[in-house]
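Counting starts at 1 for both ligands and their atoms, in listed order.
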Amino acid sequence: MPVGQRYHIETWGCQMNAHETERVSGLLEAQGLRRADGARDADLILLNTCAVREGATGKVLTRLGELRSLKESDPHKVIGVLGCVAQERGAELFRRAPHVDLVVGPRALASVPRLLEQVRTTRHLMDLEHYTESVLYGHEQIRRQDSRKAYLTVIEGCSKACSYCIVPFTRGREVSRPFANILSEVRYLVERGTLEVELLGQNVNAWRDGGRDFADLLREIGAVAGLRRIRFVTSHPLHFSQRIIEAMRDCKQVCNYLHLPPQSGSDRVLRRMKRGYTRRHYLACIGALRQAVPDVRLSGDIIVGFPGETDEDFEATLDLLEGARFDSLFSFRYSPRPHTTATEFTDQVPRAVQDGRLARLQERQRQIQEVANRRHLGQIYEVRVEGPSPKGHTLCGRTAHGLMVHFEAPRESPDSFVNVQVTRTGIHSVSGERVELSPGTSPITAL
Ligand code: 5AD
Ligand code: SF4
């Protein structure tokens with residue numbers, strides 16, 4: 001596309017998608033394109049999409065419908081679908097929405113500039129390859145949203161075969177990014193003022209390079225001078241190890257936060273989901289972590305109403321909540337997805353039953369969170385300021401263990417670190433007051 005034209009990207013889905021939008025934006029800007037103010041204003045409109053549940057795909061299809069009139073009023077606009085829905089639906093998108101010019105899967109995003117060169121002469125271009133070299137990208141040109149807190153890919157794809165999940169189909173087999181590339185990106189970012197990195201992967205803790213595993217990676221990134229916080233998402237219980245626990249315990253930059261989805265508390269359902277572990281293994285992982293890192297915050301994902309889930313199975317999941325005592329939980333109604341084996345199960349759970357279970361689960365989790373958050377009362381935490389608070393306080397930010405804190409303070413420059421004493425706790429966040437610490441004392445999570 002000609003230099004100076006404007007692009008607009010809309011993004012759905014996980015952190016990986018948010019980061020891939022940053023990567024595509026960088027590629028486009030390297031070609032001389034500029035960011036537009038919105039879809040109307042843009043010569044190129046890209047939807048970077050999520051297919052994890054039917055509803056996510058549905059939103060993309062609705063949005064494509066809305067864009068039809070924009071294309072009719074200005075046929076020069078180029079419209080592309082990127083990411084997981086591109087992979088899920090492929091050429092069907094062109095039939096369904098002929099105003100779409102470009103369909104590019106999540107492992108082929110580096111092809112976008114090449115396809116844009118051809119798009120004026122050839123319509124309906126598509127690249128759905130799962131390129132293994134997708135992890136070998138130049139990081140210097142990434143157009144990051146936030147220079148203080150940076151996303152960083154460490155592993156792409158998923159080689160598991162969970163029976164409900166479309167991601168192995170959309171994102172292809174797992175490939176680890178080489179250690180040297182990751183380290184040079186971390187150093188590059190820290191030299192330019194990044195304080196916090198979030199390491200990304202569908203199974204981030206499965207990362208390997210030669211003899212190094214994810215625990216080594218955490219320790220080596222932790223040794224980069226000037227970096228204050230390291231987060232990582234999403235971990236798989238099968239790849240969670242004592243070595244990772246020790247790296248979390250020993251390395252002060254690694255945040256005491258773990259997102260470890262159990263998906264269900266019933267062994268029978270876990271087997272049918274093909275998760276590869278038992279409820280006992282899951283509880284042992286988090287038990288060992290809490291023993292080594294007592295102030296860790298823990299979150300998880302749970303699917304309710306998986307095919308064949310009985311009342312008894314669901315009770316086992318509720319019981320897992322009692323044992324796990326998550327600090328936060330993402331819970332979903334099972335949604336049948338194409339290219340997954342669970343769609344073949346004939347014992348689908350009726351929608352009303354799923355809804356009832358989801359409501360019960362969420363209510364129980366609210367009660368657990370309310371109690372769990374009370375342990376923060378009176379504590380002084382180091383908070384990285386994120387911006388104005390939506391809750392009537394002046395500012396908000398997060399502790400190293402990921403707790404959202406609203407607080408009163410004179411307006412600091414966003415992204416600085418302040419110490420806050422928690423004076424009230426709620427279900428999803430806490431609030432407090434800024435405190436100055438006398439020299440020699442340190443807040444609980446200070447470095
Ligand atoms: N239905 C409902 N939830 C799903 N997830 C993944 N696939 C499905 C599905 N088919 C949930 C899992 C996963 C999270 C990102 O989305 O809990 O951890
Ligand atoms: Fe959605 Fe999963 Fe794809 Fe992320 S990897 S965009 S959560 S389907």
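Listed by number with element, the atoms of ligand 1 under 4.0 angstrom from any heavy atom of Gln263 are 12 (C), 13 (C), 17 (O), 18 (O). Each of the following atoms of ligand 1 lies closer than 4.0 Å to a heavy atom of Arg337: 10 (N). For ligand 1, the atoms closer than 4.0 angstrom to any heavy atom of Phe332 are 3 (N), 11 (C), 14 (C), 16 (O), 17 (O).
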Next on the checklist: Under the criterion salt bridge (Lys or Arg N to Asp or Glu O under 4.0 Å), I'd like the reasoning laid out for Arg171 against Glu156: C-alpha separation, chi angles, the key distance, then a yes or no.
Outcome noted: CA-CA 7 Å; Arg171 289 187 170 270; Glu156 285 186 357; over 6 Å; no

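Across Phe240 and Asn205, no two heavy atoms sit closer than the pair N-ND2, 3.4 Å. The shortest non-hydrogen separation linking Arg337 to Thr343 is O-CG2, 3.1 Å. Looking at every heavy atom in both residues, Val85 comes nearest to Thr49 through N-OG1, 2.9 Å.
For Tyr164, heavy-atom contacts with ligand 1 shorter than 4.0 Å involve the backbone as well as the side chain. Under 4.0 Å from ligand 1, heavy atoms of Val52 appear from its side chain as well as its backbone.
Counted by atom type alone, Gln365 and Ser331 present zero donor-acceptor pairs between their side chains at under 3.5 Å.
At least one heavy atom of Arg333 sits closer than 4.0 Å to an atom of ligand 1.
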Atom pairs and distances, donor-acceptor, side-chain atoms in residues 300-309, under 3.5 Å, two or more places apart:
from, atom 1, to, atom 2, distance (Å)
Asp301, OD1, His259, NE2, 3.2
Asp301, OD2, His259, NE2, 3.4
Glu309, OE1, Gly305, N, 2.9
Glu309, OE1, Arg357, NH1, 2.8

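Ligand 1 has no nitrogen or oxygen under 3.5 angstrom from a nitrogen or oxygen of Tyr334.
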